[in-house]
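To start, the structure itself, in structure tokens.
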Amino acid sequence: MKITVDGQARNLQAVWFENNSVRMIDQRKLPENVEIFDAKNSKDIAFAIKDMVVRGAPAIGVAAAYGLAMAKENGEVMEDAVNLIKNTRPTAYDLFKAIKYMTANKYAMSSARRYATELSGRCKKIGEYGNSLISQDSRILTHCNAGALAVLDWGTALAPMRMAKISGKNIFVFVDETRPRLQGARLTAWELLQENIDHAIIADNAAGYYMHNKEVDLAIVGADRIASNGDFANKIGTYEKAVLAKENNVPFYVAAPGSTFDFSMKSGDEIVVEQRGEEEVKKIGETSIGPKESHAKNPAFDVTPARYVTAFITEYGIFRPEELGSLKALMDKDLFMRES
Ligand code: MRU
């Protein structure tokens, strides 16, 4: 991803391996500061995933893949390294997919690099397919951050928007702020600025207003885990956006690579939703926004039933929920997907 830091153009990925460290853009510090976090062992990787230095389903998978390869090169006990990394965040399927892939490939660094390169290439394809759904002057709503920061480059939900921009279309993006961690306001808006894509941050509870006023042509979001029937988990708040979209006849698309589809799950009822600490809700940055004595609840994701999804945009093409059987057949023939 090309970014400008202090007026200087730089080409960075969300996660990479260099000088015996897994390096990542510290997403806790954006948009104010572009800082690099260095993980030197599996404990650092587990911390980085749990504390959301790195976040977004595919990027978590890539961090885990490099982390396991680094642990192997450093002579760590691999069973311990795997367990540490596995027990960080339960919802995003990519984490478990990456661990399986690395275990099947004996934790080789070359496999971690291949995993990373594959994912970024696949997201570019998502961009190409998704661009076909975007018209000149489309107004698109997105939730959370499913951009290059959440993958390596391109992103999932943001890939079609980047491709649309590259192909000369003017578009406008409504960016849900995405409480409590503000991934929309802090990360998606920052990425769209870097890409010179016109956008506005909206409060999470404003999406219905714009949909009802016929100002949103389509919604595109990412996913953390997609079950066989098309129910999917994504950042908390996605479900209500999907219901609002159906109510207002706004097409609702989910962009995700094959690594996010968990065909072992029949439906979204089986998806484990991560519950995070109450401080994330009670504070914005260091500022408390409620009485210290009040408790808060903080589910990190929700599950949207398949009936609200117009289609899934993948690297294999675009599939309606009832067509996921054909997607599975294509994935079964794909060596990279079969390896994990
Ligand atoms: O808690 P996060 O920030 O890791 O949640 C991220 C999301 O919900 C994204 O939409 C999803 O991982 C898709 S990223 C391409």
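Whatever order the structure lists ligands and atoms in, that order sets their numbers, starting from 1.
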Self-check item: Any N or O of Ala57 closer than 3.5 Å to N or O of ligand 1
Solution: yes
Quiz item: Counting distance only, does the side-chain N/O of Asn131 pair as donor-acceptor with the main-chain N or O of Gly127 below 3.5 Å?
Solution: no
Exercise. Kindly confirm or rule out a cation-pi arrangement of Lys246 over Phe252, judged by NZ or CZ under 6.0 Å from the six-membered ring centre and within 45° of its axis?
Key: no
Quiz item: Any chance the side chains of Asn145 and Thr188 put a donor and an acceptor closer than 3.5 Å?
Solution: yes
Quiz prompt | Atoms in ligand 1 with a heavy atom of Pro58 nearer than 4.0 Å | solution = 14 (S), 15 (C)
Quiz prompt | Heavy atom of Asn145, distance to ligand 1 below 4.0 Å | solution = yes
Practice problem: Decide, yes or no, whether a salt bridge links Glu270 with Lys266 under the criterion of side-chain N to carboxylate O below 4.0 Å. | Solution: no
Practice problem: Do me a favour and list the nearest non-hydrogen protein atom to atom 7 (C) of ligand 1 with residue, atom name and distance? | Solution: Asp224 OD1, 3.2 Å
Self-check item: Heavy-atom check, side chain of Gln275 versus side chain of Asn298, under 4.5 Å
Solution: no
Exercise. Return the residue, atom name and 0.1 Å-rounded distance of the protein heavy atom closest to atom 15 (C) of ligand 1.
Key: Thr156 OG1, 3.0 Å
Practice problem: May I have all residue pairs that pass salt bridge (Lys or Arg N to Asp or Glu O under 4.0 Å) and include part of residues 172-194, sequence neighbours excluded? | Solution: Arg181-Glu280
Quiz prompt | Sequence neighbours excluded - ring pair (Phe, Tyr, Trp, His ring centres under 6.0 Å) pairs with any residue from residues 304-334 | solution = Phe261-Phe312
Exercise. Spell out, yes or no, whether Val303 and Leu244 are grouped together once hydrophobic residues are joined by side-chain heavy atoms under 4.5 Å, including indirect joins.
Key: no
Quiz prompt | Those atoms of ligand 1 less than 4.0 Å from some heavy atom in Gln183 | solution = 1 (O), 2 (P), 3 (O)
Quiz item: Just checking, any donor-acceptor pair under 3.5 angstrom between side chains of Thr178 and Gln183?
Solution: no
Practice problem: For atom 6 (C) of ligand 1, grab the closest protein heavy atom and report residue, atom and distance to one decimal in Å. | Solution: Arg55 NH2, 3.5 Å
Quiz item: Arg181: heavy atom below 4.0 Å from ligand 1, yes or no?
Solution: no
Self-check item: atom 14 (S) of ligand 1 [closest protein heavy-atom partner, distance rounded to 0.1 Å]
Solution: Ala150 CB, 3.5 Å
Quiz item: Which of the atoms of ligand 1 are close to Ala146, meaning less than 4.0 Å from one of its heavy atoms?
Solution: 14 (S), 15 (C)
Practice problem: Identify the two heavy atoms, one from Val254 and one from Gly222, that lie closest to each other, and give their separation to 0.1 Å. | Solution: CG1-O, 3.9 Å
Practice problem: Would you mind checking which non-hydrogen protein atom is closest to atom 5 (O) of ligand 1, with the distance to 0.1 Å? | Solution: Lys235 CE, 3.3 Å
Quiz item: Heavy-atom contacts under 4.0 Å between Ala223 and ligand 1: side chain, backbone, both, or neither?
Solution: backbone
Exercise. Using a strict cut-off of less than 4.0 Å between a Lys/Arg side-chain nitrogen and an Asp/Glu carboxylate oxygen, indicate whether Asp153 and Arg162 qualify as a salt bridge.
Key: yes
Quiz item: Does Gly155 have a heavy atom less than 4.0 Å from any atom of ligand 1?
Solution: no
Practice problem: May I ask you to check whether Val151 has an N/O atom sitting below 3.5 Å from an N/O atom of ligand 1? | Solution: no
Quiz item: Among protein heavy atoms, which lies nearest atom 9 (C) of ligand 1, and at what distance?
Solution: Asn234 OD1, 3.4 Å
Quiz item: Are Arg89 and ligand 1 in contact, using a heavy-atom cut-off of under 4.0 Å?
Solution: yes
Practice problem: Give a yes/no verdict on whether any heavy atom in Ala300 is under 4.0 Å from an atom of ligand 1. | Solution: no
